[in-house]
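Presented below is the structure to which this report refers.
Each ligand, and each atom within it, is numbered from 1 in the order the structure gives.
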Amino acid sequence: MRRGIAVSPGVAIGTAYVIHEIFVNPNTQRLEDSEVTAELASYETARDKSAIELRALERKVEAQVGHDEASIFTVHQAILRDGAFTNKIRNWIVEERMNASAALHRLLGEYTTLFAKTNDDYLKERLNDVRDVIIRLSSHLSDVLKPDQEMIEGPLIVVADELLPSQAVALGNVDVHGIVTQAGSQTSHAAIIARSRGIPAVSGVKNVLRKVKTGDQLVVDGRHGVIEINPNVESLAAFRKLEREFVDLKDQLASNRLLPAETKDKVPLHLEANINGIPDAKGADGMGACGVGLYRTEYLYLTHQDVPDEEEQFEIYRDIIAASPNHSVTIRTLDIGGDKTVAYLGHDHKEANPFMGWRSIRLSFEHPEFFNTQIRGIIRAASEFPAGDVRIMFPMVTTVEELRKLRAILRKAYRTLEGRGLTVQNIPVGMMVEVPAAAVMIDTMVELVDFVSVGSNDLVQYLMAADRDNPKVSHLCQPLSPAVLIVLKRVIDVCNRRKVPITVCGEMAGKPKAFLLLLGMGLRKFSMSPAFVPSIKQLAAQITVTEAEQILEAVLKFKTTAQVSKYMARQIELVAPKLSILDSD
Ligand code: PEP
Ligand code: MG
């Protein structure tokens, strides 16, 4: 049994497929003279196979996502063709009798050292691409399964340090039942993919790449953030039962998606989705969300090599809105920083406290060109749809002055667009409440916005002073802590009293225990990973608002998170017992 962070709920059992296995234990045995020619041939075959895969991926991503997202695979093909890269490998095989896998491992080491010495941030970012290509080549040299090959069938549990973008895309083809990563992050590619596809996942499992081998039997318990390697018979039987319940529940919930979103006493609810791109927007529709409460624009920037121009952003936003349920979308401006960096925005990789540092609008303010471009792209796209359907939202707002400055930037963007003779409409402007200072100042802040959305993931980490991605302090990142509940209740009360629409768009919104409490606090709009919409619909249908208020009243008397959590687990057991499996610690 090993512990990590619960990043996507549910229980899964399957065969481990370790993506980076080759890099953890490279085989360093020297080749015999007679083996050199065959080794060179294997390397060439691996190159050919990688080239075929990359071309296929480029075409697939271009068709399904877009030209720019596909360009990453064009870059990978260029790396694969690079003469210096291939000559080094060939030389090491021939002259130093290294096997091809060990040669690739050494090449990666050389690149890592080289990139560490350069100050060019763009070049540093490219290391990830080189790494990705080397891993791809290696996967064709070892006998491990390859996730983007049709040969993989059955329940797989993917184990990786962290999923690279190309691996994440490739997983779309494979029957993955669970994901386990060594790097710990709620916001990693792995976590986001797992949640949007409803796959149980655990992140931040220390040394998992050393402990698990491809072929091991693995249990992933995404409720408690633990995994079990080669479990004994009793344990396996208990987890099998839980897994069956989870799978049955998912099937049953999928058929619920057309149910109205309302409580047992018919109070209508707004259940929206959090998305990162077009595939999620389509998924949100499929899961029965009524709109998009949070479109995280970070991925647009992370998949580009330079700031996308206004025309391109306009087109991307317009396509996302068109693909979203009811064309209703809240677009959040860039929230880079923390664990995500964009080199071309001059982001410093060495900040001591990145989550408390140069992040979100703090960075956008210092890049007026880029920020204005994004805002104009959003206004233009919104203007193609009925007024009010598309909204703009600013992350990490900390002070009243920032809000005033944001208003001024918006006014300037409107003037520029109108100066060009374009007809644009006023779009609702919202702020995220995710910094405690904004929660404290909410009475003043609401006067400057049309709506509020609580980013509970950040609000919890900042209130508890516990990095949300650090497994060592994850026990303190407690959404159900009385401190968090008191702050949330106050923000919701103020907004409701002032009639300012309020949503919670952090992970809390989609978790059964927290959902009941938020409902009791008077929240009626929730935005969550699309996969959670059907379960929250089901839960809402079993409870009246008065019952939720009574549960909240009892909970607000507790002094510890453990008391709240225990009491809420009992309430979920009473109201909708099957849904407990979808909650996490
Ligand atoms: C949040 O902080 O709750 C939120 C929704 O934003 P993100 O997870 O993207 O930081
Ligand atoms: Mg946030």
Side-chain angles (χ1 to χ4, degrees), residues 5-8 184-196 203 271-277 280 284 289 291-302 329-342 353-364 391-398 402 430-439 451-470 474 477-481 484-485 487-488 491-492 502-511 514-515 518 523 525-530 532-533 584:
I5 305 174
V7 294
S8 182
S185 170
Q186 286 275 359
T187 46
S188 61
H189 287 288
I192 287 165
I193 288 174
R195 282 197 295 269
S196 71
S203 280
L271 301 187
E272 298 179 319
N274 296 347
I275 66 161
N276 301 301
D280 291 344
V292 167
L294 170 65
Y295 163 34
R296 293 179 165 109
T297 55
E298 291 80 79
Y299 283 81
L300 172 61
Y301 292 84
L302 287 167
V329 183
T330 301
I331 305 181
R332 177 175 77 181
T333 63
L334 185 68
D335 183 13
I336 213 74
D339 59 338
K340 300 188 203 79
T341 56
V342 173
N353 291 302
F355 275 112
M356 302 241 241
W358 203 41
R359 187 185 161 186
S360 296
I361 53 167
R362 300 169 183 190
L363 183 144
S364 301
R391 304 157 292 273
I392 189 167
M393 178 163 80
F394 298 105
M396 280 283 284
V397 173
T398 308
E402 283 176 347
M431 66 176 280
M432 290 190 75
V433 171
E434 42 189 359
V435 176
F451 67 95
V452 165
S453 188
V454 179
S456 54
N457 305 338
D458 278 314
L459 186 61
V460 173
Q461 78 162 342
Y462 293 133
L463 267 178
M464 307 302 284
D467 181 344
R468 71 198 225 188
D469 291 335
N470 181 346
S474 61
C477 252
Q478 301 163 337
L480 297 182
S481 124
V484 171
L485 298 179
V487 173
L488 282 173
V491 172
I492 293 170
I502 175 161
T503 311
V504 169
C505 65
E507 293 304 322
M508 283 182 84
K511 292 192 174 177
F515 168 80
L518 294 168
L523 192 74
K525 293 180 84 167
F526 304 79
S527 192
M528 59 198 78
S529 292
F532 298 157
V533 173
S584 53

Sort by chain and number the protein N/O/S atoms that are closer than 2.8 Å to the Mg ion (ligand 2), and list them. Glu434 OE1, Asp458 OD2
By side chain to side chain contact (heavy atoms under 4.5 Å, CB included) - contacts of Asn274 (at least two apart): Leu294, Arg296, Cys505, Ser527
Show which atoms of ligand 1 fall inside a sub-4.0 Å distance from at least one heavy-atom site of Cys505. 5 (C)
ring-ring contact (aromatic ring centres under 6.0 Å, His included) against Phe526, all qualifying residues, sequence neighbours excluded: Phe515
Within-4.5 Å side-chain heavy-atom neighbours: Ile492 and Leu518: yes
Less than 4.0 Å is my threshold; does some heavy atom of Met432 fall inside it relative to ligand 1? yes
For Arg332, does its backbone N or O pair with a side-chain atom of Thr297 as donor and acceptor, under 3.5 Å? yes
Relative to ligand 1, is Asp335 under 4.0 angstrom through side chain, backbone, both or neither, heavy atoms considered? side chain
Hey, could you give me the NZ/OG1 distance between Lys525 and Thr330, rounded to the nearest 0.5 Å? 7.0 Å
Note: ligand 1 atoms sitting under 4.0 Å from heavy atoms of Glu434 are 1 (C), 2 (O), 6 (O)
Glu402 meets the side chain to side chain contact (heavy atoms under 4.5 Å, CB included) criterion, sequence neighbours left out, with Ile361, Phe365, Val397, Thr398, Thr399
Does an N or O anywhere in Glu507 fall below 3.5 Å from an N or O of ligand 1? no
Beyond-backbone contact of Phe451 with Thr503, side-chain heavy atoms, under 4.5 angstrom: no
Ligand 1 atoms nearer than 4.0 angstrom to some heavy atom of Leu294 are 5 (C)
Any idea which atoms of ligand 1 are less than 4.0 Å away from a heavy-atom of Arg359? 10 (O)
Interatomic distance, Trp358 atom CH2 to Leu363 atom CG [nearest 0.5 angstrom]: 4.0 Å
Separation between OG (Ser360) and CZ (Phe355), nearest 0.5 Å, reads 10.0 Å
Check whether any side-chain N or O of Asp335 sits under 3.5 Å from a backbone N or O of Glu298 as a donor-acceptor pair, and report yes or no. no
Which is it for Met396 and ligand 1 at heavy atoms under 4.0 Å: side chain, backbone, both or neither? neither
Is the shortest N/O to N/O distance between Glu298 and ligand 1 below 3.5 Å? no
